[in-house]
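These notes are about the structure you will find just below.
Because only heavy atoms are used, hydrogens play no part in the values below, and waters and symmetry mates are left out as well, while side chains stay in.
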Amino acid sequence: MSTHNEPNTDTEFLFIPIKNSNDRTTKRLARSHAVAHGLRSKRRLQQSSGHNFHVIRPANNKSHSASTAKKNEALIAPPASLAVGFSDPFQMMAAESPILRFQPPTEPVFSVADELVLLNFRSVLRKELDDNALLSAVMLTFLFTVTAGMTSRECLEYQNKALSSIRQRMSSPDKAATESTIGAILLLAGIEARLRMPRQVQLHMGAIQHILDVCQRKRVYLSDDIKRAIFWSDLNGSVMTGSSRIVDHTTFSELQWKRDPSHPDFFTLPPGFQSRSYLLDQDFVEILKDIFALQCIRDTEILDKEEAMPMAHIDNHQASIQSRLVSLPVCSPISECCHQAAYLCSTMLRCKIWRTSTIPSHLSLQLLCKIQSAINSPVWDDSLDLLAWLLHIGGAFAPAGSIRQGYVQLLHLNHSRLRWLYTSWAELLLILKQFIWSDEAFLSQVQAFWEENSL
């Protein structure tokens, strides 16, 4: 008699015949079944009492393990919204889905962290979960995350509910011109971007453009946070799928950025690029100077403080860099490789929510493809240090698997050329620091990649 994944009664047992009292395998099986049965009973008790979802506070709780801390980045909320006694359905939600309902409380389906950008759904959208379109889109997003990006029947049900509500609302400009409607559409577009569905992303961002036009015509106020959400969703969707953009870094006044004249030494070209600036477009050279400035900021304590104004300014800094990067014309295969690597670096120089998103793995794959197509170019003969930087930056931020292995293969194929440049980590590090480099943001991952391939 076998058990089901989540039995509905407490009376299911697994009968295990024990022929030998010294049979360790049989004893281990019995113990495992007993533990599993106990956990199921505990989860059902938590479900019935409503304790299967926890509020996670963004305070610096050092007692959390590193694995738990990584999961505390999915949903962002300001500390003020988590005061004792505060009740917000965005922070405590009794999930209808069995997949969400049976998540262990030690591994919450979603949690909060104290980042600035998109502070939380409540402050961004200024709406409770009584909005049908928004509720369905939020639940779809959580389910999509829990199922590791796999669509399911429940995902389709929430998607259909969200789409139905959005279509009904879009038929009336007055109903559509709300931040909650924008938020619901952006959540759908975010999932479609991860699924590489450019036509759907384009369709939904077109709907956002229509709403923006209505808001401008009817003088509907949109918050700074929702404008940032639109900008980043539009840019990331374009990067992930190639969809056409509806906004850029100049569209919203809240995202405007310019160089700080009090720190002119920040905006310089890294020495590794100076010697081969003739290979690069002048607009790209200026962007590299801005990335170097972001690198200088990253290596200070500004990002650790995460104060509202400095973080907003840094967000605008990154927005300006990446928005201009994706609009650059392709001058040569080498410059295209540099464009991709610069975008990847500007992402990894930023806060943890960027570093743990799906963007870095996508960028590392694109960079790998471009290096592979240009690897036989004779230009590399005079730019082997640049090639070494590209391969180690791309490989270090690539996910385990075929993408990371692709960088390893390129390093092996070019070993005879690169071994004249460096034979130790110390020698390689000197080369890497000639380009875009941050000890704070890059060192541990790049060194780990080096060690993987030097054994």
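The closest side-chain heavy-atom distance from Asp265 to His263 is below 4.5 Å. Contact check for His362 versus Val239: side-chain heavy atoms found under the 4.5 Å cut-off. Counting only heavy atoms from C-beta outward, the side chains of Thr251 and Ile246 never approach each other to under 4.5 Å. Residues Ile208 and Asp234 are not in side-chain contact: their nearest non-hydrogen atoms beyond the backbone lie 4.5 Å or more apart. Side chains of Phe435 and Asp385 form a contact here, defined as non-hydrogen atoms less than 4.5 Å apart. Side-chain contact check for Gln372 versus Ile375: every heavy-atom pair is 4.5 Å or farther apart. Two residues are said to be in side-chain contact when any heavy atoms from C-beta on lie closer than 4.5 Å; Phe144 and Leu195 meet this criterion. Looking only at side-chain heavy atoms (C-beta outward), Leu187 and Leu134 come within less than 4.5 Å of each other.
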* To do: Verify side-chain contact (heavy atoms from CB on, under 4.5 Å) between Ile334 and Trp380, making sure each step is shown before the conclusion.
  => CA-CA 8 Å; Ile334 304 299; Trp380 295 120; 3.2 Å; yes
* Evaluation steps, side-chain contact (heavy atoms from CB on, under 4.5 Å), between Gln202 and Thr241 -> CA-CA 9 Å; Gln202 193 75 64; Thr241 69; over 6 Å; no
* Asked: Passes salt bridge (Lys or Arg N to Asp or Glu O under 4.0 Å), Glu157 versus Lys161? Steps please.
  -> CA-CA 6 Å; Glu157 288 176 356; Lys161 289 180 181 178; 5.6 Å; no
* Cys338 and Phe284: CA distance, side-chain angles, deciding distance, side-chain contact (heavy atoms from CB on, under 4.5 Å) verdict -> CA-CA 9 Å; Cys338 292; Phe284 182 49; 3.7 Å; yes
* Is there a salt bridge (Lys or Arg N to Asp or Glu O under 4.0 Å) between Arg298 and Asp439 once you walk through the steps? -> CA-CA 9 Å; Arg298 180 64 179 86; Asp439 284 349; over 6 Å; no
* To do: Mind running ring-ring contact (aromatic ring centres under 6.0 Å, His included) on His249 and Phe231 for me, showing each step along the way?
  => CA-CA 8 Å; His249 58 290; Phe231 170 82; 7.5 Å; no
* Working for ring-ring contact (aromatic ring centres under 6.0 Å, His included), residues Trp437 and Phe292 -> CA-CA 8 Å; Trp437 181 262; Phe292 183 77; over 10 Å; no
* Could you walk me through whether Thr347 and Gln322 pass the side-chain hydrogen bond (donor to acceptor under 3.5 Å, both in side chains) test, one step at a time? => CA-CA 9 Å; Thr347 297; Gln322 296 187 340; 2.9 Å; yes
* Decide ring-ring contact (aromatic ring centres under 6.0 Å, His included) for Phe397 and Phe442; before the verdict, give the C-alpha distance in whole Å, the side-chain angles of both, and the deciding distance to 0.1 Å. => CA-CA 9 Å; Phe397 301 131; Phe442 300 166; 5.5 Å; yes
* **Audit row: Trp425, Val446, side-chain contact (heavy atoms from CB on, under 4.5 Å) steps and yes/no** => CA-CA 10 Å; Trp425 167 248; Val446 177; 4.0 Å; yes
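Between His204 and Leu188, the shortest heavy-atom contact is NE2-CD1, 4.0 Å. Pairing each heavy atom of Cys331 with each of Asp281, the nearest pair is SG-CB, 3.9 Å. Smallest separation of non-hydrogen atoms from Leu222 and Glu179: CA-OE2, 3.2 Å. Smallest separation of non-hydrogen atoms from Gln295 and Ser438: CG-CB, 4.3 Å. Taking both residues in full, the closest heavy atoms of Gly394 and Leu344 are given as CA-CD2, 4.2 Å, listed atom of the first, atom of the second, then distance. Between Tyr343 and Ser346 the shortest heavy-atom distance is O-OG, 2.8 Å.
For the pair Ser320 (side chain) and Asn316 (backbone), a donor-acceptor distance under 3.5 Å is absent. A donor-acceptor pair under 3.5 Å links the side-chain atoms of Arg196 to the main chain of Arg194, judged by distance alone. Side-chain atoms of Asn453 never come within 3.5 Å of backbone atoms of Val408 as a donor-acceptor pair (strictly under, hydrogens ignored). Here the side chain of Gln434 pairs no donor or acceptor atom with the backbone of Pro270 at under 3.5 angstrom. A donor-acceptor pair under 3.5 Å is absent between the side-chain atoms of Gln209 and the main chain of Met205, judged by distance alone. Of the possible polar contacts, one joining the Asn414 side chain to the Leu410 backbone as a donor-acceptor pair under 3.5 Å is found. Side-chain atoms of Ser323 never come within 3.5 Å of backbone atoms of Asp248 as a donor-acceptor pair (strictly under, hydrogens ignored). Distance alone, capped at 3.5 Å, places no donor-acceptor pair between the Asp315 side chain and the Met311 backbone. Using a distance-only test at 3.5 Å, with no hydrogens or angles considered, no donor-acceptor pair links the side chain of Arg404 to the main chain of Pro399. The closest donor-acceptor contact from the side chain of Ser164 to the backbone of Asn160 lies at 3.5 Å or more, if one exists at all.
Taking CG of Leu163 as the start and CE of Met170 as the end, the distance is 12.0 Å to the nearest 0.5 Å. In this structure, the separation between CG on Leu421 and CD on Glu427 is 9.5 Å, given to the nearest 0.5 Å. In this structure, the separation between CD on Glu254 and CD on Gln256 is 9.0 Å, given to the nearest 0.5 Å. Once rounded to the nearest 0.5 Å, the distance linking CG of Leu391 with CG of Leu411 reads 5.0 Å. The CD1 atom of Ile297 sits 10.0 Å away from the CZ atom of Arg350 when rounded to the nearest 0.5 Å. Rounded to the nearest 0.5 Å, atoms CG (Leu443) and CD (Glu440) are 9.0 Å apart.
Between Trp257 and His313, the ring planes lie tilted relative to each other; the angle falls in the 30° to 60° range. Note: Phe273 and Trp389 have perpendicular aromatic rings, judged against thresholds of 30 and 60 degrees for the angle between ring planes.
With Arg324 as the partner, the side chain to side chain donor-acceptor pair (under 3.5 Å) test is satisfied by one option alone out of Asp283, Asp290, Thr250: Asp290.
Ion pairing between a basic and an acidic side chain is recognised when a charged N comes within 4.0 Å of a carboxylate O; Asp382 and Arg276 show no such pairing. A salt bridge links Glu286 and Arg259; the closest N-O separation between the charged side-chain nitrogens and carboxylate oxygens is under 4.0 Å.
Neither side chain, Asn132 nor Ser165, offers a donor N or O lying under 3.5 Å from an acceptor on the other. Counted by atom type alone, Ser361 and Ser364 present zero donor-acceptor pairs between their side chains at under 3.5 Å. Counted by atom type alone, Ser243 and Gln200 present zero donor-acceptor pairs between their side chains at under 3.5 Å.
For Arg199, the side chain to side chain donor-acceptor pair (under 3.5 Å) test picks out no residue, with sequence neighbours left out.
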